[in-house]
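Worth saying up front: this structure is predicted, and the values here are computed from it rather than measured. First the proteins, then the strands, lettered A, B, ... as listed; each starts at 1.
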There are 2 protein chains.
Amino acid sequence: MSDSHIQVTASLDPCGLDEHPDCGIRDVLTRVGDKWSVLVIVELASGVRRFRELQRGIDGISQRMLTLTVRRLERDGLVTRTVFPTVPAQVTYELTALGNSLTHLVKQLADWSLDHRETIARARADYDAHHPDHEIR
Amino acid sequence: MSDSHIQVTASLDPCGLDEHPDCGIRDVLTRVGDKWSVLVIVELASGVRRFRELQRGIDGISQRMLTLTVRRLERDGLVTRTVFPTVPAQVTYELTALGNSLTHLVKQLADWSLDHRETIARARADYDAHHPDHEIR
DNA sequence: CAGTATCCACTTCGATACTG
DNA sequence: CAGTATCGAAGTGGATACTG
């Protein structure tokens, strides 16, 4: 048994994952894990943004996906959407306090990804080399 | 502008998200965000597990998805897979040091989810109440 | 500008059946 | 026990065209 396995058992299961299905954690994780949410959150972490500003700031996102993403974030209470009834319309997005509190965790995840980016890439290359024609993805 | 928006701008973009597409962070996030990975990681955080043990410990996971999930985690270097050539076969899974380092972040995410679980649920109910027949999901 | 509406491609997931 | 193989349902994302 490895020493690196510190005792996180109890604290890792604060809601009884072993008994209950998933206690809604997946709810949040799938939001964080979807293709654009984190990028939108990161972009909004810099401050208020308009729809087009967001789209320009996030490389490759389509109008449709930006709409869907900000709507979901708004629904979850992570982002506020403010409409100014001007012509043409003007809409701004801003992180809520809740959304902002998530940015800290997102940042840590981003840092972790960055720190181990190459290690993971090498692990994958290694795996693929030793397991040719093995379709995992 | 809200006081809650502390200055995380610079540190949130350690790899130039604004210039580069996504610098591989999404790679990790989608892994964390997929339906079963985190549950498997949590389960393995308690120690070594065999295939069936994992399946029994994770409510609702199918054989196929467990296989796919542990394979991907193995490929990423987060989990080691050890085969004992007994009859019947015996295979154990264990977090690597890298995988274990991720558990800390996963735990924080889980805690965050738990802390704000009800807030989010209320935000959603609210949103849905004020936006009837609005298909977001 | 800030969206909606449609359609389609692709992926993910679950269920079931079978195997060394 | 620990998988693999196959299939189909559902979800997710992209491209394009249109609107107040």
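Checking the phosphate oxygens (OP1, OP2) of C:dA2, no side-chain nitrogen or oxygen of A:Arg71 falls inside 4.0 Å. In terms of phosphate contacts, A:Tyr93 brings a side-chain nitrogen or oxygen within less than 4.0 Å of OP1 or OP2 of C:dG3. Taking only side-chain nitrogens and oxygens, A:Arg52 comes nearer than 4.0 Å to OP1 or OP2 of C:dC1. Taking 4.0 angstrom as the limit, B:Lys35 places none of its side-chain polar atoms (N or O) nearer than this to OP1 or OP2 of D:dG11. Close to D:dG11, at under 4.0 Å from its OP1 or OP2, lies no side-chain N or O of A:Arg72.
In this structure, A:Asp34 atom CG and C:dT12 atom C1' are separated by 14 Å, rounded to whole Å. We find that CH2 of B:Trp36 is positioned 12 Å from C1' of C:dT12, with the value rounded to whole Å. Atom P of nucleotide C:dT11 and atom CG of B:Leu68 are separated by 14 Å, given to the nearest angstrom. The interatomic distance linking A:Met65 (CE) with D:dT12 (C1') rounds to 7 Å, in whole Å. The separation between B:Phe51 atom CZ and D:dC1 atom P is 11 Å, rounded to whole Å. The distance between atom CD of B:Gln63 and atom C1' of D:dA5, rounded to the nearest whole Å, is 12 Å. Whole-Å rounding puts the A:Ile61 CD1 to D:dG13 C1' distance at 10 Å. With rounding to whole Å, B:Leu66 atom CG is found 13 Å from D:dC1 atom C1'.
When all heavy atoms of A:Phe51 and A:Leu66 are compared, the closest pair comes out as O-CD2, 3.5 Å.
Among the heavy atoms of the strands lying under 4.0 Å from A:Arg64 is at least one base atom, whether or not backbone atoms are also near. A:Ser62 comes within 4.0 angstrom of no nucleic acid atom, judged by non-hydrogen atoms across all strands. Within the 4.0 angstrom heavy-atom criterion, no nucleotide atom of any strand lies near B:Arg31. Within the 4.0 angstrom heavy-atom criterion, no nucleotide atom of any strand lies near A:Phe84.
Relative to the six-membered ring of B:Trp36, A:Arg26 meets both conditions, a distance below 6.0 Å and an angle of at most 45° to the axis.
At a threshold of 4.0 Å, the pair A:Asp111-A:Lys107 counts as salt-bridged, since one of the basic side-chain nitrogens sits closer than that to a carboxylate oxygen.
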*Would B:Gln108 and A:Gln108 count as a side-chain hydrogen bond (donor to acceptor under 3.5 Å, both in side chains) if you check the C-alpha gap in whole Å, the side-chain angles of each, and the deciding distance to 0.1 Å?*
CA-CA 10 Å; B:Gln108 291 188 56; A:Gln108 291 188 55; 3.2 Å; yes

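Rounding to the nearest 0.5 Å places CG of B:Asp27 at 8.0 Å from CZ of A:Arg117.
In this structure C:dT16 sits in a base pair with D:dA5, meeting the Watson-Crick or G-U test at under 3.5 Å.
Positionally, the nearest nucleotide of DNA chain D for B:Thr92 lies more toward the 5' end than for the other of B:Thr92 and A:Gly33.
Checked against C:dG3, D:dG3, C:dA2, the side chain of B:Val91 finds its nearest nucleotide in D:dG3.
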